[in-house]
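As structure tokens, the structure follows; a few thoughts come after it.
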Amino acid sequence: MKKVKCIITALLFFLSLGNAVAQNNSNLPFVGDWKFQQGDLIFKLHIWEDSEPNPYDGEYYLLGHYEMLQQNGNELNLLYTSNPSDVPADQKYQYVFSGLVKNGVFSGMFKEVHPGGAKLNGMFKIVDVLTCLTCPSEINFIVSPLQGMKVEQNGVPPSQNFTVPSDITMVKQ
């Protein structure tokens, strides 16, 4: 009897996780942590669904942050992040990319955060890559800067090009 209760409890727990992960089923393939590794460099995306629908269109937007790490033996060193420690708390971004899934493509606005809080705005597109039914989930991540005015903060001009990698295939973790 105790074994049956444990199984039922575990089953209910996992079912509740499925409901909590995404209100919009088309968001499910994109929600989670993604990784791209090239040599000792590791680029990661963390994508989640907003807990509240957008008040203007009623849609549940996907939001995210990124980070670049360098592997040194068993240690991981943070090279840059969209949530840098040198940016004052009142200037930090809750997320740096947000958008909607339409026709299986997740796209929207992207902010690359630079030292001192300067940023470079752009657009991103994430496409679900279906290689095989038993293969790990993969996405293709593409980012491109917006043309026009750039924002300078704390006297630091932003770069004209993105530092984050683009046109890469990432694996779900």
Side-chain angles (χ1 to χ4, degrees), residues 13-36 42-69 78-131 136-153 158-173:
F13 173 74
F14 287 114
L15 287 174
S16 70
L17 281 180
N19 291 337
V21 172
Q23 297 293 323
N24 180 341
N25 284 339
S26 65
N27 288 346
L28 281 173
F30 301 96
V31 171
D33 295 317
W34 299 87
K35 177 181 168 184
F36 167 75
I42 301 169
F43 181 69
K44 292 185 174 184
L45 294 178
H46 177 65
I47 302 171
W48 68 94
E49 184 183 70
D50 196 349
S51 59
E52 298 290 325
N54 182 291
Y56 300 104
D57 60 15
E59 297 280 353
Y60 284 89
Y61 281 67
L62 290 178
L63 312 171
H65 271 289
Y66 64 84
E67 66 183 1
M68 178 67 86
L69 305 161
L78 181 66
L79 296 180
Y80 59 84
T81 177
S82 58
N83 196 12
S85 60
D86 66 336
V87 175
D90 63 337
Q91 294 178 15
K92 286 187 182 272
Y93 297 105
Q94 292 178 350
Y95 53 87
V96 294
F97 60 93
S98 68
L100 292 170
V101 176
K102 298 288 183 196
N103 300 318
V105 176
F106 170 32
S107 62
M109 297 297 296
F110 186 89
K111 290 183 201 106
E112 182 176 83
V113 181
H114 291 258
K119 67 181 180 189
L120 179 61
N121 291 319
M123 302 294 294
F124 74 92
K125 179 170 77 170
I126 297 176
V127 179
D128 190 13
V129 178
L130 183 60
T131 53
S137 296
E138 293 183 348
I139 56 172
N140 185 256
F141 173 74
I142 300 170
V143 64
S144 57
L146 289 177
Q147 301 301 315
M149 185 172 46
K150 310 293 187 257
V151 176
E152 179 177 310
Q153 289 186 343
S159 166
Q160 298 299 310
N161 295 311
F162 280 114
T163 304
V164 298
S166 181
D167 201 9
I168 57 174
T169 299
M170 304 182 77
V171 178
K172 195 168 204 175
Q173 301 300 288

Atom CG of Asp90: over 12 foreign heavy atoms under 6.0 Å: yes
Any side-chain heavy-atom pair of Val31 and Leu28 under 4.5 Å: no
Closest contact, heavy atoms only, Phe30 versus Ile139: CD2-CG2, 4.3 Å
For the student: nearest non-hydrogen atoms of Gly58 and Pro53, plus distance: O-CB, 3.5 Å
ring-ring contact (aromatic ring centres under 6.0 Å, His included) partner of Phe110, chosen from Phe162, Tyr93, Tyr95: Phe162
Residues forming a side-chain hydrogen bond (donor to acceptor under 3.5 Å, both in side chains) with Asp50, sequence neighbours excluded: none
With Phe124 via ring-ring contact (aromatic ring centres under 6.0 Å, His included) - residues at least two apart: Phe97, Phe106
Sequence-distant partners of Tyr61, side-chain hydrogen bond (donor to acceptor under 3.5 Å, both in side chains), two or more places apart: Asp57
Spatial distance of atom OG (Ser98) from atom CG (Asn54) [nearest 0.5 Å]: 9.0 Å
For Lys92, side-chain hydrogen bond (donor to acceptor under 3.5 Å, both in side chains) partners two or more places apart: Asn83
Close side-chain approach of Leu45 and Glu67, heavy atoms under 4.5 Å: no
Straight-line distance of Leu78 CG to Ser85 OG, nearest 0.5 Å: 8.0 Å
Point-to-point distance, once rounded to the nearest 0.5 Å, from OG1 of Thr163 to CG of Leu120: 8.0 Å
Beyond-backbone contact of Leu62 with Val101, side-chain heavy atoms, under 4.5 angstrom: yes
Residues forming a side-chain hydrogen bond (donor to acceptor under 3.5 Å, both in side chains) with Asp33, sequence neighbours excluded: His46
Spacing of NZ belonging to Lys125 relative to OG belonging to Ser107, to within rounding of 0.5 Å: 8.5 Å
Side chain proximity check, Tyr60 to Asn27, heavy atoms < 4.5 angstrom: yes
Ile47 side chain reached by Ile126 side chain, heavy atoms, under 4.5 Å: yes
Results of side-chain contact (heavy atoms from CB on, under 4.5 Å) for Leu79 - residues two or more places apart only: Leu41, Met68, Gln70
Set of side-chain contact (heavy atoms from CB on, under 4.5 Å) partners for Glu138, sequence neighbours left out: Val129, Thr131, Thr169, Val171
Contact list for residues 99-111, test salt bridge (charged side-chain N to carboxylate O under 4.0 Å, His left out), sequence neighbours left out: Glu59-Lys102
Side-chain (Glu49) to main-chain (Asn24) donor-acceptor, under 3.5 angstrom: yes
Distance (rounded to the nearest 0.5 Å) between His65 NE2 and Ser82 OG: 4.5 Å
OG1 on Thr81 to NZ on Lys44, rounded to 0.5 Å: 11.0 Å
Qualifying residues under side-chain contact (heavy atoms from CB on, under 4.5 Å), relative to Ile168, sequence neighbours excluded: Phe36, Phe43, Phe141, Pro165, Met170
